[in-house]
Amino acid sequence: MNNTIQYTVDSDGIATLLIDIPGKSMNVLSDKIVLELSACIDKVAADDDVKGAVIASGKAAFIAGADLTELVTAYARGVTPEQGYQWSATLSGVFRKMETCGKPFAVAINGLALGGGFELCLACHYRVLADNPKAVLGLPEVSIGLLPGAGGTQRLPRLVGTEKALPVILQGKKLKPKQALEMGVVHEIAPADELLQRAKDWLLGNPDPVAPWDAKGFRMPGGAGANTPKTAQTFMVGTSLLAATTQHNYPAPIAAISAVYEGCITPLDTGLDIESQYFGQLVSGVVARNMMRSLFVNKGAADKLARRPAGIEKSRVRKLGILGAGMMGAGIAYVSARAGMQVVLLDTDMEAAERGKAYSEGLLNKAVKRGYSTQDKAQALLDLIRPTTAYEDLEGCELVIEAVFESREIKADVTAKTEAVIPANAIFASNTSTLPITGLAQASKRPASFIGLHFFSPVDKMPLVELIVGEKSSDEAIARGLDYIQQIRKTPIVVNDSPGFYTSRVFATSTNEGLTMLAEGVNPALIENAAKMAGLPVGPLAVMDEVTLELGYKITMQAAADEGDGYVFASGFGVIRKFVEELDRRGKRFGKGFYDYPEGEKKHLWPGLAELYPPAEQQPPTQEVIDRLLYRQALETARCFEDGVLDHPADADIGSIFGWGFPPWTGGTLSFIDTVGIQHFVSECDRMAEAYGPRFEVSDWLRERAGRDEAFYQT
Ligand code: NAD
């Protein structure tokens, strides 16, 4: 029975295929909808009374893309390249049938059309797009490890030429209505309420049911293949740029550009077949599995608050208090006001509080200048932030986030002062980066309402918030903390209390490994470049400079003082100590660290490094440096899992990718172990423990797990 596509025919003999999946806010292309579409096309083709058809959507958007959950579920059963090929070829075949059935098809694109949704439009003979800024067109498949598998790599280049098509296919460049029209991707743009009529007008005029590439004498705009100098150059430059940006960690962009190159020098049907073959290879590969699972399925579930304790009423923060208007407090104020909350921004003196508010002003001025916001909207947002030094102003706050100096005493003091004025049922959250939440909660009269909300810097850009559950934190506090994270449109992970929690603890192992290698005589340029080749955003020495060596120094000295004689310094701490205590090279903010920052020039590694840590004559292979960096982080994550800091592999993966940029091709720190295979992982750690030290030692728990060959994900 048809229930996702409503099929009607009007008195002019024009059929309308209205796609409207019941019970969903968005249309997505599922197997079911494709079957129904196929049946509708047959009906149009077979009915002599039907002159042509319009495809339209019953939702606010057109079609968001293919149903990835269906694809990922299919992966759970272990997709072979042949099955992946078949999946793509089936969808592509239905679109091709529509394109060649002899009847004209127009599409009324009322809103967003991505992936398979956009590919469906490309297979129609006429495209009318709503004049609506939300009506963007795009092919984002590469961002989750796939390629457009329903004709996107074939029809778009044939329509607009390779040069214009590649950024859409390879970089996920989205097209707004005006751009789409200028590029020739759509035939016209029209007000939303006129779309259907315009499409029908075309069908009733003199419609051509033959796609340009099926017409006799068709030539690719700008030429195809290696025989046209300009196109040949596009491919040469394109492939080298891809190699440089992906470092060969991501197969999808290379497969996509290959599909364009090989497919566009053949007739369309062969091109579609080539595309499906590449699709089959990608979808059955481990990188696509990792990316779809972590970036789409698990992130989607986290955004929908998969970890929210059940049975607690949904909450909304209307008034938020922030203690400390420094770098973090100011950023938290901005993202909260942006979500419509009233924000009280408290500091010890008014000047500091005002400075915190001015941070938002700076960001908003930039947004207005670039046309992302208007003066009125910016002012309305600024009006929501109230700088103060008076605790009474916190009255009525449903949530207070503390972001004062990293000192137990100061944090205890502001906790007590705040609790004296906020409502009894308010939640108190600390943004500490290192101090265990359970300890900080001792300063609270209501430890059940005390949680950690660990933001990342810069707050307005970083998508993650790590919610830390203290020993006494209640389910209600967790639920309300998660509701707030959703309100400010960030992605949450939930972790249990422990020094460094999850993200800081694991991230520190990566920088420490870099410093340890430096001290061992590994060439610093090799360390930095190997990190980038692994897919990390920057090398460990550059990262250390960014967060400042001083911070690393202070955190370690505090931990050492807290723990006393038993404290074991990390293997690379000697380097930090030397740089801070002896050399006064404390990091980028101080003008010098592992790098020099000459004014007006690019930063470069400090030449003095070579004297301090002379590079060994025999340098390790690049892959060994990469492995040390990645294995060390993955191993520490496994320990967090074993210790109960993490309850779910998804939190580990999402936290690592969105918190500190662990390479997305791996799927995240725990997916990385599954990717290399747990048994191989353990034997490599054993080898590294022998070669580099006990920080690579594997626990009995992990070894036993490897003995059972038990992956972190069962699918
Ligand atoms: P910061 O030094 O930029 O700001 C701290 C602010 O707190 C200052 O404006 C200071 O005047 C104010 N303050 C100090 N004592 C106060 C008091 N008694 N009452 C009210 N205000 C007071 O520091 P930051 O980088 O914003 O860090 C704040 C907290 O966030 C720390 O706990 C830090 O560990 C944590 N954190 C920092 C980062 C980061 O990248 N900087 C990331 C995550 C978490």
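No hydrogens, no waters, no symmetry mates; every other heavy atom, side chains included, goes into these values. Remember, it's 1-based here, ligands and their atoms both numbered in the order they're listed.
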K.L.:
What are the atoms of ligand 1, with element, lying closer than 4.0 Å to any heavy atom of V414?
P.N.:
17 (C), 18 (N), 19 (N)
K.L.:
On a heavy-atom basis, which atom in I312 and which in A479 lie closest, and how many Å separate them?
P.N.:
CG2-CB, 3.8 Å
K.L.:
For the pair R408 and D562, evaluate salt bridge (charged side-chain N to carboxylate O under 4.0 Å, His left out) and give the outcome as yes or no after the intermediate values.
P.N.:
CA-CA 11 Å; R408 277 200 193 85; D562 286 352; 3.0 Å; yes
K.L.:
Heavy atoms, side chains only, cut-off 4.5 Å: are I322 and V400 in contact?
P.N.:
no
K.L.:
So, do P663 and N249 sit near enough that their side-chain heavy atoms are less than 4.5 Å apart?
P.N.:
no
K.L.:
Give me the ring orientation class for Y567 and F569: parallel if the planes are under 30° apart, tilted from 30 to 60°, perpendicular past 60°.
P.N.:
perpendicular
K.L.:
Compute both the distance and the angle, then confirm whether R628 meets the cation-pi test with Y692: under 6.0 Å from the six-membered ring centre, within 45 degrees of the axis.
P.N.:
yes
K.L.:
Can D413 be said to touch ligand 1, with heavy atoms closer than 4.0 Å?
P.N.:
no
K.L.:
Under a 4.0 angstrom heavy-atom cut-off, which atoms of ligand 1 come close to I410?
P.N.:
15 (N), 18 (N)
K.L.:
Looking only at protein heavy atoms, which one is nearest to atom 32 (O) of ligand 1, and what is the separation?
P.N.:
E406 OE1, 2.5 Å
K.L.:
Checking a contact table here: which protein heavy atom is nearest atom 2 (O) of ligand 1, and how many Å away?
P.N.:
F405 CE2, 3.3 Å
K.L.:
Does the plane of the ring in F455 sit parallel, tilted or perpendicular to the ring in Y484? Use 30° and 60° as the thresholds.
P.N.:
perpendicular
K.L.:
So if I count the atoms of ligand 1 from 1 in the order they appear, which ones are less than 4.0 Å from some heavy atom of S457?
P.N.:
40 (O)
K.L.:
For ligand 1, which atoms sit closer than 4.0 Å to a heavy atom of K411?
P.N.:
31 (C), 32 (O)
K.L.:
Atom 5 (C) of ligand 1: which of A403, G324, S504 has the nearest heavy atom?
P.N.:
A403
K.L.:
Before you tell me yes or no, could you show the steps for R639 and E636 under salt bridge (charged side-chain N to carboxylate O under 4.0 Å, His left out), namely the whole-Å CA-CA distance, both residues' side-chain angles and the distance that decides it to 0.1 Å?
P.N.:
CA-CA 5 Å; R639 286 183 189 145; E636 195 65 24; 3.0 Å; yes
K.L.:
Should A352 be counted as touching ligand 1, given the test is an N or O pair under 3.5 Å?
P.N.:
no
K.L.:
Nearest protein heavy-atom contact for atom 41 (N) of ligand 1: which residue, which atom, what distance?
P.N.:
M327 CE, 3.2 Å
K.L.:
Starting from atom 11 (O) of ligand 1, locate the nearest protein heavy atom and write down its residue, its atom name and how far away it is, to 0.1 Å.
P.N.:
D347 OD1, 2.6 Å
K.L.:
Measuring from atom 42 (C) of ligand 1, which candidate in K417, M328, M462 has the nearest non-hydrogen atom?
P.N.:
M328
K.L.:
Answer with yes or no whether L323 contacts ligand 1, where contact means a heavy atom under 4.0 Å from a ligand atom.
P.N.:
no
K.L.:
S433 to ligand 1: N or O pair under 3.5 Å?
P.N.:
yes
K.L.:
Taking the six-membered ring for Trp, are Y595 and Y597 parallel (under 30°), tilted (30 to 60°) or perpendicular (over 60°)?
P.N.:
tilted
K.L.:
Any protein heavy-atom neighbour for atom 13 (N) of ligand 1 (distance below 4.0 angstrom)?
P.N.:
yes
K.L.:
Which atoms from ligand 1 have a heavy atom of T432 less than 4.0 Å away?
P.N.:
32 (O)
K.L.:
Could you tell me, atom by atom, which parts of ligand 1 come under 4.0 Å of a heavy atom of N431?
P.N.:
30 (O), 35 (C), 36 (N), 44 (C)
K.L.:
Looking only at heavy atoms, which two atoms of V495 and E466 are closest? And how far apart?
P.N.:
CG2-OE2, 3.7 Å
K.L.:
Under the 6.0 Å and 45° cation-pi test, does R293 pair with Y713?
P.N.:
yes
K.L.:
Name the closest protein heavy atom to atom 17 (C) of ligand 1, giving the residue it belongs to and the distance to 0.1 Å.
P.N.:
T348 CG2, 3.5 Å
K.L.:
Within the structure provided, determine whether T415 and L440 are in side-chain contact (heavy-atom separation under 4.5 Å).
P.N.:
no
K.L.:
Going by distance only, is there an N or O of V404 that falls short of 3.5 Å from an N or O of ligand 1?
P.N.:
yes
K.L.:
May I ask you to list the atoms of ligand 1 that are less than 4.0 angstrom from any heavy atom of F455?
P.N.:
42 (C), 43 (C)
K.L.:
Could you give me the CA-CA distance, side-chain angles and deciding distance for E398 and S315, then say whether side chain to side chain contact (heavy atoms under 4.5 Å, CB included) is met?
P.N.:
CA-CA 9 Å; E398 292 104 343; S315 67; over 6 Å; no
K.L.:
Under 4.0 Å from any heavy atom of G326, which atoms of ligand 1 are there?
P.N.:
3 (O), 4 (O), 6 (C), 9 (O), 26 (O)
